[in-house]
Amino acid sequence: MPEKLSCTCSECGLLNCYRRDKHFPDFCLTENADRKLVCESARNYGAGHRDGDIARAAAEVEGTYYGKLTRVEEIIAFANRIGARRIGIATCIGLIQETRLFVKVLKAHGLESYTVLCKVGSVDKTEIGISDDLKVKKGSFEAICNPILQAKLLNEQETDLNVIVGLCVGHDSLFIKHSNALVTTLITKDRVTGHNPAVALYTSNFYYQRLLQPGQKL
Ligand code: SF4
């Protein structure tokens with residue numbers, strides 16, 4: 001078990017690793033990192049390495065369009081730069097309308113898409129040990145979200161880039177784990193904030209003070 005650090009980047013007020021225009025704090029993760037690990041990770045981005053090509057494509061999209069493109073457009077720009085033509089979409093049922101619009105946008109930009117809904121396979125929740133009490137509509141057939149099958153069906157299609165549209169917390173984790181293709185996210189589900197999870201943080205000084213109250217068991 002690694003030694004527990006009292007301070008990490010979230011406690012750093014300097015962020016000197018970005019521009020090197022201040023100084024590094026004593027606990028700095030850059031300063032204290034094993035140099036071998038730093039060099040090894042840098043090698044992953046070397047010429048001829050796929051991870052390097054992906055990192056450079058992401059940086060090109062950021063540098064070219066900083067603050068100008070929406071995320072929908074950035075995904076297309078990124079796909080074009082990594083040579084992805086076939087876009088897999090792992091969508092939540094609650095965001096199927098948005099997915100249909102996204103499909104139209106992809107098509108308008110000459111990209112193919114293949115969509116798999118979270119409820120694919122239609123397996124009742126009780127079949128995997130989820131009690132009826134935990135169903136949204138108790139006493140009814142209610143299919144599990146099936147991110148593993150979503151990933152496997154997209155793997156079968158040999159998609160080049162998979163895009164998450166609003167998968168639940170944890171279901172997204174499983175989807176990412178089982179996807180062969182790279183995964184990026186178009187929409188991060190937050191049922192309460194209209195899919196903008198940052199809202200809870202932005203308003204935690206007043207409306208969402210409960211976020212900061214200790215002892216709340218979730
Ligand atoms: S790497 Fe160092 S300078 Fe950068 S945020 Fe972390 S602690 Fe601060």
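For ligands, and for the atoms within them, numbers begin at 1 and follow the listed sequence. Computed from a predicted model, the values in this text were never measured in an experiment.
Applying the side-chain hydrogen bond (donor to acceptor under 3.5 Å, both in side chains) test to T99 and every residue at least two apart in sequence or in another chain returns T91.
Shown are L154, L106, I164, N162; of these, the side chain to side chain contact (heavy atoms under 4.5 Å, CB included) with I89 is made only by L106.
For the pair K137 and D132, the salt-bridge criterion is not met [side-chain N within less than 4.0 Å of a carboxylate O].
Any protein N/O/S atom under 2.8 Å from atom 4 (Fe) of ligand 1 was counted, giving 1 altogether.
Residue pairs meeting the side chain to side chain donor-acceptor pair (under 3.5 Å) criterion with at least one partner in residues 195-205, sequence neighbours excluded, do not occur; the list is empty. Screening residues 9-22 for side chain to side chain donor-acceptor pair (under 3.5 Å), with sequence neighbours left out, gives T8-S10, T8-E11.
Following chains of ILVMFWY side-chain contacts shorter than 4.5 Å, one can reach V103 starting from I76, so the two form part of one hydrophobic cluster.
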